Number of protein chains: 2
Amino acid sequence: MSREKLSKQPTILDVAARAGVSKSLVSLVMRDPDRVGESSRATVLAAAVELGYRPNAVARSLVQRRTNVIGVIVADLHNPFFADVADGIEDAAFQSGYRAMLSSGFLDPKRERGAIETMLELRVDGLVMLGSMMQVAKIERFAASLPVTVVGRHTRSTVVDSIGVDNSAGAQEAVDHLVALGHTRIAHIHAGTAGGSPRRRRGYEKAMRRHGLEDHIRLVKGAFTEAGGTTAMNEILESGDVPTAVFAPNDVAAIGAMEAIDAAGLAIPGDISLVGYDNLALAALRRIDLTTVGQPRVDLGRKAVGLVLERLDEGRERARHVVIPPHLVVRSTTGPP
Amino acid sequence: MSREKLSKQPTILDVAARAGVSKSLVSLVMRDPDRVGESSRATVLAAAVELGYRPNAVARSLVQRRTNVIGVIVADLHNPFFADVADGIEDAAFQSGYRAMLSSGFLDPKRERGAIETMLELRVDGLVMLGSMMQVAKIERFAASLPVTVVGRHTRSTVVDSIGVDNSAGAQEAVDHLVALGHTRIAHIHAGTAGGSPRRRRGYEKAMRRHGLEDHIRLVKGAFTEAGGTTAMNEILESGDVPTAVFAPNDVAAIGAMEAIDAAGLAIPGDISLVGYDNLALAALRRIDLTTVGQPRVDLGRKAVGLVLERLDEGRERARHVVIPPHLVVRSTTGPP
DNA sequence: ATACCGAATTGGAACGTTCCAAGCTAGTCT
DNA sequence: AGACTAGCTTGGAACGTTCCAATTCGGTAT
């Protein structure tokens, strides 16, 4: 259990000694080789290679007071939606000379808090939160010390930036589609306060009312997970009052619901039409072929980083809340009742 | 584009000044409150809260020469297999007082090299590589400076630890199962040199020979991705010589192959039996219900961290190569020819 | 020769911690 | 009362960089 210091690696001083120059020159060679004389540059570079020198980002970060790292808190690594967004984040960060470091929040608030705390202690330059369930007030508390962008959730915050798709509009599109097919008894599985669930729920309710179906509004609590979808769907199936269509809070939950419907021996869309949300690659599989609401995921990630960088490199102070429109993708899990 | 220093946060000195004690005492309170007198502890803690002090891990890491961070390079965030392993990694790291930081390799060698380089500059204490395609020799080059564990690939390295399932045994189980069902024309889609593909291929070949089916050995190059599976399967379908069973290199590729078979109007397992590898949650879905080879994924991640910690905290020097046995999970994509 | 210039190079002070040896202060023992 | 002890507390030196003002050096213009 000894936790002694780790093996020593060569420092800038070792390189300097070997090359017979000052540490400052070595530092300069590493950062901006053009500002150094031809011959000393070659000597320094050679010495660095011989010693296997690798710059110590920890020391650099300390003096520069910046790490060039953008932290990403991912609620659930298993959700392919986040994986796509994370791709966009990593890509955009890299393009701008930053590095993205991910940490999973495990869908557990305590764990998430810990992950965030670690990121803050590591002094990441900015933070992107993917699918966080944390209260905005709590986020705002640390958002004072670094740029924070929340992805997939709307906030009215004047401190925290946010970016997401118009969840209400997407949900309404889903309901409109079902109504157009002739459905009236449309239930909605929601995921509580998680991610964009509240907005989707409101969109569902709004559309239902708009179609004069307020009496058919039916909300069942589930989650953004497969298990959550299955549980909620089973609850619906066992209620004895089975609707002709179900709108799930996301694709993963829809798949869980699909499982439950399959297991009950009912047909999709024959007995129940099903709509998801996210348009994951998964949803496009021929075997799944889920009608769903699509969101530009990678782009979402890129723009999230953009928001962080606007504060970091351009000095923006006021919060921005970006909303991207979603689009309905009709597949074979929806049909006439 | 100004990249000035970021906003200043309170330091240990600010806290010390406010509490009217020395910086050393503050430091001590943060690290080991019990070794400090009752009253000064309270004063310091109060001052820290008032100022919103948060320890600077960068400075701590610099002097301690350790970061308490374990870096994880994930080849592909979209592969649920890696997500499970990553869960195990994060969990085990956390239990032992370390933090896991992920970075995606994008399935792109150049990108992966960059991600690793960043981790090394950040001076992570250990590195876990998930699904890396990097040559072992290259890995060994930096494994001298920190403990590295490769997950999912076998190496004979004396420097790098590795952990994985017995891919050859798993592949043989798959072939044995197909042969027992009566298949003889069994093709194998492989993923080149990626991850555990070579071993799985060798297991396939070995089992085929063992059953006297060496003449039916048929290898088609694909990849560990859905697209890779689809492409390879299409190649098989278009060859005119369609086997009665296909063994895919992993579940994701198997799903891709499934897509292609579905699209061709053929039945599974009526026309073609299909076996995957990994036993993802995906494979258990009723709509997919893929026969596959299972691996204890979360456990794999936990043990991977264990290997790193053995070196870090217990001083192990010799490389260890852990192999975990896989198990066949029979579902409905396999049947008699 | 002298003064001056720009480019190349340098030394020292930071950055925010931890570590360590040494100092202080009560209290205890003789 | 004096010596000693144990528990707290402290200042200064690291850690490996970057930053900045200052220095050196060869050349050029006067």
Side-chain angles (χ1 to χ4, degrees), chain A residues 2-45 47-48 51-68 120-123 125 145, chain B residues 2-45 47-48 51-68 120-123 125 145:
Chain A
S2 64
R3 197 168 274 201
E4 69 268 19
K5 285 159 192 170
L6 302 175
S7 69
K8 192 177 162 93
Q9 291 188 236
T11 76
I12 212 174
L13 283 172
D14 300 319
V15 177
R18 174 138 198 155
V21 298
S22 74
K23 61 176 179 22
S24 303
L25 224 210
V26 177
S27 173
L28 206 52
V29 171
M30 294 300 157
R31 287 174 292 141
D32 189 357
D34 297 333
R35 224 185 296 169
V36 177
E38 173 79 33
S39 69
S40 33
R41 186 196 322 157
T43 325
V44 168
L45 252 20
L51 293 175
Y53 170 74
R54 184 171 353 254
N56 185 328
V58 175
R60 184 195 319 138
S61 298
L62 182 60
V63 45
Q64 293 197 142
R65 302 247 211 63
R66 49 167 36 259
T67 52
N68 288 305
L120 296 179
E121 293 189 2
L122 252 27
R123 294 295 194 269
D125 293 344
S145 60
Chain B
S2 65
R3 195 168 275 198
E4 68 267 19
K5 286 159 189 167
L6 304 174
S7 70
K8 191 175 164 96
Q9 292 187 235
T11 76
I12 211 173
L13 283 173
D14 299 319
V15 177
R18 173 140 200 156
V21 299
S22 74
K23 63 178 179 21
S24 303
L25 225 212
V26 177
S27 172
L28 205 53
V29 171
M30 294 301 158
R31 285 173 294 141
D32 189 356
D34 297 334
R35 225 186 294 169
V36 177
E38 174 78 33
S39 69
S40 32
R41 186 193 326 157
T43 325
V44 168
L45 253 19
L51 294 175
Y53 170 73
R54 182 169 359 250
N56 185 327
V58 174
R60 185 197 316 139
S61 297
L62 182 61
V63 46
Q64 292 196 142
R65 300 245 212 64
R66 48 165 39 257
T67 51
N68 289 304
L120 297 178
E121 294 188 1
L122 252 25
R123 294 295 194 269
D125 293 346
S145 60

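Chain naming here is simple, since letters A, B, ... match the order of the sequence lines and numbering starts at 1 in each. Being a predicted model, the structure only gives us computed values, none of them experimental.
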Nearest to side-chain heavy atoms of A:L62, which nucleotide of C:dG16, D:dT9, C:dA14: C:dG16

For B:Q9 and C:dT17, what is the distance between atoms CD and P respectively, to the nearest whole Å? 10 Å

Give the intermediate values and the outcome of side-chain contact (heavy atoms from CB on, under 4.5 Å) for residues A:T67 and A:L122. CA-CA 8 Å; A:T67 52; A:L122 252 27; over 6 Å; no

Show your reasoning for whether side-chain contact (heavy atoms from CB on, under 4.5 Å) applies to A:D14 and A:R18. CA-CA 6 Å; A:D14 300 319; A:R18 174 138 198 155; over 6 Å; no

When we call it a touch if two heavy atoms are under 4.0 Å apart, what does A:T11 touch: a base, just sugar-phosphate, or nothing? sugar-phosphate

Would you mind telling me which of D:dT17, D:dT18, C:dT18 lies closest to the side-chain atoms of A:S27? D:dT18

Applying a 4.0 Å non-hydrogen cut-off, can you work out what B:V21 is touching in the nucleic acid: base, sugar-phosphate, or nothing? sugar-phosphate

CG of A:N56 versus P of C:dC15: gap in Å, rounded? 18 Å

Whether B:S61 side chain and B:A57 backbone form a donor-acceptor pair below 3.5 Å: yes

When rounded to the nearest 0.5 angstrom, what is the spacing between NZ in B:K23 and CG in B:L28? 11.5 Å

Protein-nucleotide distance (A:R60, atom CZ; C:dC15, atom C1'), rounded to Å: 14 Å

Donor-acceptor pair present, A:S22 side chain and C:dG11 base, under 3.5 Å: no

Sugar-phosphate only, base, or nothing, as touched by B:S61 at under 4.0 Å among non-hydrogen atoms: nothing

Please give, in whole Å, the distance from D:dT9 P to B:D34 CG? 13 Å

Whole angstrom is fine here: how far is it from CG in A:L51 over to P in D:dG16? 14 Å

Using only atom types and a distance under 3.5 Å, with no angle test, would you say the side chain of A:R65 pairs donor to acceptor with the backbone of A:L62? no

On the nucleotide C:dC19, are OP1 or OP2 found under 4.0 Å from the side-chain N or O atoms that B:Q64 carries? yes

Would A:N56 and A:T11 satisfy side-chain contact (heavy atoms from CB on, under 4.5 Å), going step by step from the backbone distance to the final call? CA-CA 8 Å; A:N56 185 328; A:T11 76; over 6 Å; no

Under 4.0 Å between a side-chain N or O of B:S40 and OP1 or OP2 of D:dT9? yes

Find which nucleotide of DNA chain D each of B:A59 and B:K23 is nearest to by heavy atoms, and output the residue with the more 5' nucleotide. B:K23

Of the listed nucleotides C:dT18, D:dC15, C:dT9, the one nearest the side chain of B:R31: C:dT18

Has B:R66 got a side-chain N or O lying under 4.0 Å from the OP1 or OP2 atom of D:dC15? no

As a test of reading the structure: which of C:dT9, C:dC19, D:dC15 is closest to the side chain of B:V63, going by heavy atoms? D:dC15

Whole-Å distance between D:dA14 C1' and A:L13 CG? 12 Å

From CE of B:M30 across to P of C:dT18 the rounded distance in Å is 9 Å

B:V36, nearest nucleotide to its side chain (from D:dT9, C:dG12, C:dC19): D:dT9

Would you say A:R35 reaches C:dT9's phosphate, i.e. side-chain N/O to OP1/OP2 under 4.0 Å? no

B:L25 has an atom CG; how far is it from atom C1' of C:dT25, in whole Å? 14 Å

